[in-house]
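Structure, as structure tokens:
What's counted below: heavy atoms across the whole structure, side chains too, no hydrogens, waters or symmetry copies.
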Amino acid sequence: MKNRWLINIILLVMVLSISLFLFLKPSKIKQTKQFSISTFNLSDFDSIKVDFPSRASVIFKKSTESWDMVEPIKGRADQFSVQKIISIVATSSSEKLPSNDLAKYGLDKPTMNLKLIHKGVEEEFIFGTYNSVTEDQYLLYKDNVYLISGSYSESASTQPIELIDKSPLSKSEQIKGFDFSRLEQWKSKKLKVTRNNNEWSANEGNQLKQSDMAEWFDMTWVKNPAKSVEKFAIDLRIPYKSFDIHTTDGKKITFLRVQESPETQLYREDEGLLYHFGSDIGFTMLNPPVEHSNK
């Protein structure tokens, strides 16, 4: 009996020793070398040109703080989408291959050329075919071939209209007030609402609550992107109802209400763009929480 207990103790010590050894043993993690595509920062560029073999090029220009599309559509660009395109400069690859056989990677007939302009100098990224095993895409940059995620070319290949900002107002446009007096529902009240230091006021004969107006403005005009946007040739012979938005720098933005149902369509005159909203949210956009005063 004593020997059996001794054997059990020895076995237990051996098991604990092996477990402790395995726990403390440094794990060997296979490190895959990564090659940086470039040393640029996303903020280094002021122009972007995307060329395709069978469709019009897409061109972006950077203004003081934001990106605009200038070809093939003129308009405010979706800032996140543009940054996603530029982010190729910050990616890395597990492969860095010589460029002596471009046909092998489909780079002799590229699917897309991306040109990022930095102080007048073009940095060209050329996209080839996809690797059948990893489903990553071959990229030629500065005489080297890399294998990167296909998401970069997919972002740059998005239809131009989908790269336009879907917010009816830009973040740089500081709103001073709305003039809804030409819309039929507000014609008798001649409704105008004004914003000063985040305090709202209405013209004579109308009254409002600050909290209600703040929520209305934030939810319908600040955080309410359109479902879709399209370039639209407006027929000015049609007597569309319109309203104006005034900014703190004196700019007047005029929208035409093209349609109310089954969706709300608002045409921004200075951009030539038609914004599509659901009918419910569209109704709320044009009807701030204002009550008629009996005084």
Side-chain angles (χ1 to χ4, degrees), residues 42-43 46 60-70 73-83 86 161 163-183 185-186 189-232 234 240-258 264-278 281-291:
L42 275 65
S43 59
D46 49 42
F60 300 93
K61 297 283 185 182
K62 190 177 183 180
S63 58
T64 306
E65 296 180 351
S66 59
W67 287 91
D68 295 320
M69 184 185 292
V70 295
I73 302 170
K74 286 183 170 58
R76 292 177 286 113
D78 180 80
Q79 304 303 300
F80 177 77
S81 296
V82 175
Q83 291 298 318
I86 304 175
I161 194 62
L163 297 171
I164 293 292
D165 189 353
K166 293 180 175 60
S167 298
L169 300 172
S170 74
K171 292 182 179 179
S172 63
E173 291 170 330
Q174 300 299 311
I175 305 307
K176 181 180 179 181
F178 293 78
D179 180 356
F180 291 119
S181 61
R182 297 190 299 276
L183 297 178
Q185 70 267 36
W186 297 116
K189 301 179 181 182
K190 299 178 181 178
L191 180 63
K192 295 180 181 180
V193 291
T194 305
R195 180 172 174 254
N196 185 24
N197 293 325
N198 292 323
E199 292 289 322
W200 289 92
S201 60
N203 58 317
E204 187 177 353
N206 300 289
Q207 57 187 10
L208 51 78
K209 291 182 179 180
Q210 293 298 322
S211 58
D212 291 345
M213 281 297 297
E215 182 179 7
W216 167 80
F217 178 64
D218 188 56
M219 297 305 295
T220 62
W221 286 99
V222 177
K223 299 176 181 177
N224 179 35
K227 295 190 300 180
S228 62
V229 179
E230 66 172 298
K231 195 70 178 174
F232 191 73
I234 196 75
Y240 294 116
K241 296 295 183 181
S242 64
F243 61 95
D244 300 322
I245 300 177
H246 297 271
T247 65
T248 55
D249 60 1
K251 181 180 179 180
K252 183 176 77 170
I253 304 167
T254 298
F255 282 90
L256 305 183
R257 189 193 61 197
V258 174
T264 299
Q265 297 179 2
L266 301 178
Y267 175 79
R268 181 166 165 165
E269 281 192 335
D270 60 336
E271 295 180 336
L273 294 174
L274 187 67
Y275 293 82
H276 296 252
F277 298 92
I281 191 66
F283 176 85
T284 306
M285 291 173 74
L286 308 185
N287 290 276
V290 174
E291 297 177 1

Over all atoms of both residues, closest heavy-atom pair of [X] and [Y]:
| X | Y | answer |
| --- | --- | --- |
| Leu208 | Pro289 | CB-O, 4.1 Å |
| Met219 | Asn224 | O-CB, 3.3 Å |
| Met285 | Pro168 | CE-CG, 4.4 Å |
| Gly278 | Thr264 | O-OG1, 3.9 Å |
| Phe277 | Ala226 | CE2-CA, 3.5 Å |

* Output yes when Lys166 and Asp78 qualify as a salt bridge under the 4.0 Å nitrogen-oxygen rule, no when they do not. =>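 Answer for the salt bridge query: no.
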Ion pair check, Arg182 and Asp244, cut-off under 4.0 Å: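 Salt bridge between Arg182 and Asp244, a charged N being under 4.0 Å from a carboxylate O: yes.
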Q) Run the side chain to side chain contact (heavy atoms under 4.5 Å, CB included) check on Ile245 and Trp221 step by step: do they pass? A) CA-CA 11 Å; Ile245 300 177; Trp221 286 99; 3.9 Å; yes
Can you tell me how far the [atom1] atom of [X] sits from the [atom2] atom of [Y], to the nearest 0.5 Å?
| X | Y | atom1 | atom2 | value |
| --- | --- | --- | --- | --- |
| Gln79 | Asp165 | CD | CG | 7.0 Å |
| Asn203 | Lys189 | CG | NZ | 10.5 Å |
| Lys252 | Thr247 | NZ | OG1 | 12.0 Å |
| Glu271 | Arg76 | CD | CZ | 4.5 Å |
| Phe255 | Phe178 | CZ | CZ | 9.0 Å |
| Asp179 | Ser242 | CG | OG | 8.5 Å |

Assess whether atom [atom1] of [X] is packed by more than 12 heavy atoms of other residues, nucleotides or ligands within 6.0 Å.
| X | atom1 | result |
| --- | --- | --- |
| Lys227 | NZ | yes |
| Lys231 | NZ | yes |
| Lys62 | NZ | yes |
| Gln210 | CD | yes |
| Tyr240 | OH | yes |

Does some side-chain heavy atom of [Y] sit less than 4.5 Å from a side-chain heavy atom of [X]?
| X | Y | answer |
| --- | --- | --- |
| Arg257 | Leu266 | yes |
| Asp270 | Thr254 | no |
| Val193 | Phe217 | no |

*Mind running side chain to side chain contact (heavy atoms under 4.5 Å, CB included) on Ile175 and Val222 for me, showing each step along the way?*
CA-CA 10 Å; Ile175 305 307; Val222 177; over 6 Å; no
- Aromatic ring pairing Trp216/Phe180, orientation class (parallel under 30°, perpendicular over 60°, tilted between):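 Rings of Trp216 and Phe180: perpendicular, over 60°.
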Hey, does the side chain of [X] reach the backbone of [Y] with a donor-acceptor pair shorter than 3.5 angstrom?
| X | Y | answer |
| --- | --- | --- |
| Gln207 | Glu204 | no |
| Trp186 | Leu286 | yes |
| Arg268 | Tyr275 | no |
| Ser167 | Ser170 | no |
| Asn287 | Phe283 | yes |

Side chain to side chain contact (heavy atoms under 4.5 Å, CB included) evaluation trace for Thr248 with Arg195: CA-CA 9 Å; Thr248 55; Arg195 180 172 174 254; over 6 Å; no
So Lys74 and Asp68, salt bridge (Lys or Arg N to Asp or Glu O under 4.0 Å) or not? Walk me through it.
CA-CA 7 Å; Lys74 286 183 170 58; Asp68 295 320; over 6 Å; no
